[in-house]
Each structure stands twice: as structure tokens, then as C-alpha cells.
Amino acid sequence: MPELPEVETVARGLNQRVRGDRIIQAWFGKRPQTFKTPRARQAKGLAGLTILAVHRTGKHIVFELGAEAHLASEPAQNDATAAAAQWIVHLGMTGRLLVTAPDCPLAPHTHARLDLASGREVRFVDPRRFGRLEFRDLRNSSAAFEAPGAEPLTIGAREFAGLFRNRRLPIKAALLNQTLLAGVGNIYADESLFQAGIRPRRRTNRLTAAELERLRLALREILTYAIRLGGSSVSDYVDANGEKGFFQLEHCVYQRTGEPCRRCQTPIRRIELVGRGTHYCPICQR
DNA sequence: CATTTCACCTGGTGGC
DNA sequence: TGCCACCAGGTGAAAT
């Protein structure tokens, strides 16, 4: 399931491959749930725009789009002031965003295709349809997209502690709440709690300052390392080039129920928390 | 308001 | 081999 490292990997791949390209026209499927902006408005809005840059915010992929053609090397990354519009893609559980040749066979559950001036296509494929596509025309008073929560890679110690100090919910539930931190999902919540030695059910307001700081650093380290390995390919995740990631080989607890802890050999335990499978080591995490 | 539960989806899995 | 119940989980709406 795409979380911050997977979404970052996809966004980087897209930025490398389609930055500077121009959208000739766009096609959209008929499943209404996929479209946060009505499909007709997306198709009309995207046609003719140039891709200035592609980047990640939280779990969202943002295409910065310009009304005029720019040199691919010219626009600064994240230069929202130059952007006339944005195309915002959330991959949900099973979403894929791929750059393909036009004669590449159309995968089942393809919900969107962008025809590019270079002759290639950007395709959005999503069997389970938890993904979302949104178009924002910044020329029409729409605000630029902002993720609701803080960025786990750059948040400071004081702000991080402030997010959790006055809450009573389990720390794992807090990590999954995108309005607090943006980008952490089930895999990296479990992995970072293991690394920090904290049990998932612990109430956030009962965590010590030292524990919160361990958690902040664990998140940063794990997310950074996972990005370097191209993310975790559990389920059917692949990047914009169709390549799998390798961080799943590094998992210490996620989907390792009953297997020995890599640190102390105790069998990894699985519980259900806020409706999610949750994995931890009963010895290493307190 | 804070927190918890549930519906939305389909492919893969395991039991018989 | 085939059938089917069941499960995975990101998000937002509804319930508590």
C-alpha cells in the first residue's frame, strides 16, 4: 500500500520522466468515486497544460501545471507561483501511476490516461478504487493544494511532541491520522514504533519526551531509508517505471506475525487496533 | 470536540 | 479443480 516512501518514489520517477512534457488531451473512466473533481472538468482543464514539476505532499502526488510551454530545465521545483493549475493524485490502496508507450496494452481498471506531446501516456490504474483524482485551476481562485498534516521528514522535536502531548488515543492511531502527520500508513507506523521501542496501544499523552523523540527520529530514519530502497512492495506496489521496491526485505515486524524478532528472537505478535492489523515485539516494545 | 466505527472496493488466499 | 467466505487497508462520513 503506497505510503510516504512509495508515493515519493513514484513522484520522483514521474518528475524525471514527464517534467516539461505537454498534455495534449486527457481521458477518464466512468467510475465517479475516483474523481474528486468531475471527470469532464478534469479532462477539459488538463488539455493543453505543460507539466512543470511533479512532487509529493503527504501521500498525495501533485502535478504542477503551466499554461505556457516551459523549458524542462527551467522551472524551479515546487514553484507553485508559476503554476496555473494542479493535478492531485492519491493512490489509495492499489493505485498505480505509470508512464507508458501508447501501444502498451491497457491494464484492467485504468481510470485515467494523459496523452503527452512526447507521444507517451501517463496512466492511472486502480483496481480497488480507493484512489482519488483532483484538478485545481489556480487561476480561478482555487487555493494551491496543501496536505493537512506535518511532514514527518522535516518536523522538529518541539512541534512533533506538541502534536501528541494532549491526546489520549493510542500512538498507532495518532500516527495514522493524516491531519497530524501526513504520509505515515500501516507499514511505517508499525516499523517506526518497533524501532522506537514503543507499544502501539500506548496512549500518546503517556509517552515520555524521550520516547517521542525516539519515535520522531525512527520515523525520519526509516522513511528516508525506505525511499532509498524504492519503497515497500507488498500487495502490488510498483513505481512509475513499473519497478518494485526493496524495503519489504527490511521489515522488522510488519506482516511477520509469529516469526522471530530480529533483535531478540521472540515471536512477533499481531493485534487489531483501530481496525488495522498491528504488529509488534512484546519484549522490545514497552 | 475528540475519538471510534464503518462503508467503500476487488484480488488473493485458504478451507473444504 | 472449483467454489466461496473472508481479509487487506486509506480515507471520510457517521456514530459515540
Side-chain angles (χ1 to χ4, degrees), chain A residues 1-11 28-37 39 56-62 88-97 106-112 124-134 145-152 162-193 200-207 219 223 226 231-238 244-245 247-248 251 253-258 268-280:
Chain A
M1 45 252 44
E3 305 177 26
L4 188 151
E6 293 76 33
V7 177
E8 177 71 30
T9 302
V10 172
F28 290 91
K30 292 192 171 134
R31 301 293 195 148
Q33 193 197 356
T34 305
F35 309 109
K36 208 166 170 182
T37 309
R39 50 196 280 273
R56 174 198 65 80
T57 303
K59 290 178 192 169
H60 297 263
I61 296 166
V62 182
I88 302 134
V89 178
H90 194 295
L91 299 175
M93 278 279 295
T94 55
R96 296 181 177 198
L97 211 40
L106 210 58
H109 310 291
T110 300
H111 303 299
F124 177 68
V125 181
D126 182 17
R128 238 163 274 188
R129 304 211 300 273
F130 285 178
R132 292 291 180 272
L133 305 178
E134 177 183 3
F145 177 80
E146 284 181 61
E151 270 294 327
L163 288 178
F164 303 113
R165 194 169 290 136
N166 297 320
R167 293 174 183 277
R168 265 173 282 275
L169 75 171
I171 183 60
K172 161 113 185 217
L175 289 174
L176 295 178
N177 183 340
Q178 301 296 298
T179 64
L180 298 175
L181 283 178
V184 180
N186 210 35
I187 298 172
Y188 298 100
D190 281 3
E191 292 297 320
S192 61
L193 286 170
R201 278 205 234 259
R202 293 275 304 282
R203 304 268 155 181
T204 59
N205 58 344
R206 306 297 288 266
L207 296 175
L219 272 167
L223 293 171
S232 300
S233 284
V234 295
S235 176
D236 52 359
Y237 162 76
V238 291
K244 293 187 173 194
F247 190 72
Q248 67 277 9
H251 290 175
V253 288
Y254 181 76
Q255 284 188 348
R256 293 194 66 244
T257 310
I268 297 302
R269 228 173 252 181
R270 181 188 187 280
I271 57 173
E272 182 155 318
L273 189 48
V274 288
R276 298 291 169 260
T278 297
H279 315 77
Y280 70 98

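What you are looking at is a predicted structure, and each value in this text was computed from that prediction instead of being measured. All values below were derived from every heavy atom in this structure, side-chain atoms included, with hydrogens, water molecules and symmetry-related copies excluded. Protein chains get the first letters and strands the later ones, always in sequence-line order, with residue 1 at the start of each.
In this structure, A:R269 places its CZ atom where only 12 or fewer heavy-atom neighbours from other residues, nucleotides or ligands lie under 6.0 Å away. With a 6.0 Å radius and a threshold of 12 heavy atoms from other residues, nucleotides or ligands, A:Q33 has its CD atom above the threshold.
Taking A:N186 as the reference, A:K172 meet the side-chain hydrogen bond (donor to acceptor under 3.5 Å, both in side chains) condition, with sequence neighbours excluded. The ring-ring contact (aromatic ring centres under 6.0 Å, His included) search around A:F130 returns none, not counting sequence neighbours. For the ring-ring contact (aromatic ring centres under 6.0 Å, His included) test, no residue two or more places apart in sequence or in another chain qualifies with A:H109. Checked against ring-ring contact (aromatic ring centres under 6.0 Å, His included), A:F247 has the following partners two or more places apart in sequence or in another chain: A:Y188, A:Y225, A:H251. Listed by chain and number, the residues in a salt bridge (charged side-chain N to carboxylate O under 4.0 Å, His left out) with A:R256 are A:E259 (sequence neighbours excluded). With sequence neighbours left out, A:E8 forms a salt bridge (charged side-chain N to carboxylate O under 4.0 Å, His left out) with A:R12, A:R56. For A:R31, there are no salt bridge (charged side-chain N to carboxylate O under 4.0 Å, His left out) partners two or more places apart in sequence or in a different chain.
Put simply, CD1 on A:I61 is 15 Å from P on C:dG10, counting in whole angstrom units. Atom OH of A:Y237 is separated from atom P of C:dG10 by 15 Å (rounded to the nearest Å). If you measure from atom NE2 of A:H60 to atom P of C:dG12, you get 7 Å, rounded to the nearest angstrom. Spacing between atom CD of A:Q255 and atom C1' of C:dC7 amounts to 11 Å, rounded to whole angstrom units. Across the protein-nucleic acid pair, A:E272 atom CD and B:dC6 atom C1' stand 12 Å apart, rounded to whole Å. The NZ atom of A:K36 sits 12 Å away from the C1' atom of C:dG10 (whole-angstrom rounding). One can place CG of A:D190 at 12 Å from C1' of C:dG9, the figure rounded to the nearest angstrom. Taking atom CG of A:N186 as the reference point, atom P of C:dT11 lies 11 Å away to the nearest angstrom.
No side-chain donor-acceptor contact under 3.5 Å links A:S192 to the backbone of A:L219. Of the possible donor and acceptor atoms, none in the side chain of A:D190 sits under 3.5 Å from a partner among the backbone N and O of A:Y254. In this structure a side-chain-to-backbone donor-acceptor pair under 3.5 Å is missing from A:T57 to A:A147. Listed for the A:E134 side chain is no donor-acceptor partner under 3.5 Å among the backbone atoms of A:V89.
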Identify each atom pair where a protein N or O and an N or O of nucleotides 3-6 of chain C are less than 3.5 Å apart, giving names and distance.
none

Set out, line by line, the N/O atom pairs under 3.5 Å between protein and nucleotides 8-12 of chain B.
from   : atom 1 : to     : atom 2 : distance (Å)
B:dC9  : OP1    : A:Q33  : OE1    : 3.2
B:dC9  : O5'    : A:Q33  : OE1    : 3.2
B:dC9  : O3'    : A:R129 : NH1    : 3.4
B:dT10 : OP1    : A:R129 : NH1    : 2.6
B:dT10 : O2     : A:R128 : NE     : 3.2
B:dG11 : OP1    : A:H109 : NE2    : 2.7

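OP1 and OP2 of C:dG10 both lie 4.0 Å or more from every side-chain N or O belonging to A:Q178. Distances shorter than 4.0 Å separate none of the side-chain N or O atoms of A:H90 from OP1 or OP2 on C:dG10.
Residue-level contact check: A:Y254 touches the backbone only, with heavy atoms under 4.0 Å from sugar-phosphate atoms and none from bases. Looking at heavy-atom distances under 4.0 Å, A:G277 makes contact with sugar-phosphate atoms alone, never a base.
Here salt bridge (Lys or Arg N to Asp or Glu O under 4.0 Å) pairs that include residues 173-182 of chain A, with residues two or more places apart or in two chains, number zero.
Axis angle between the ends of the helix from B:dA2-C:dT16 to B:dC16-C:dG2, five pairs each and rounded to 10 degrees, works out to 50°.
Using a 4.0 Å cutoff on non-hydrogen atoms, the parts of residues 165-177 of chain A near DNA chain B are A:R167, A:R168, A:L169, A:P170, ordered by number.
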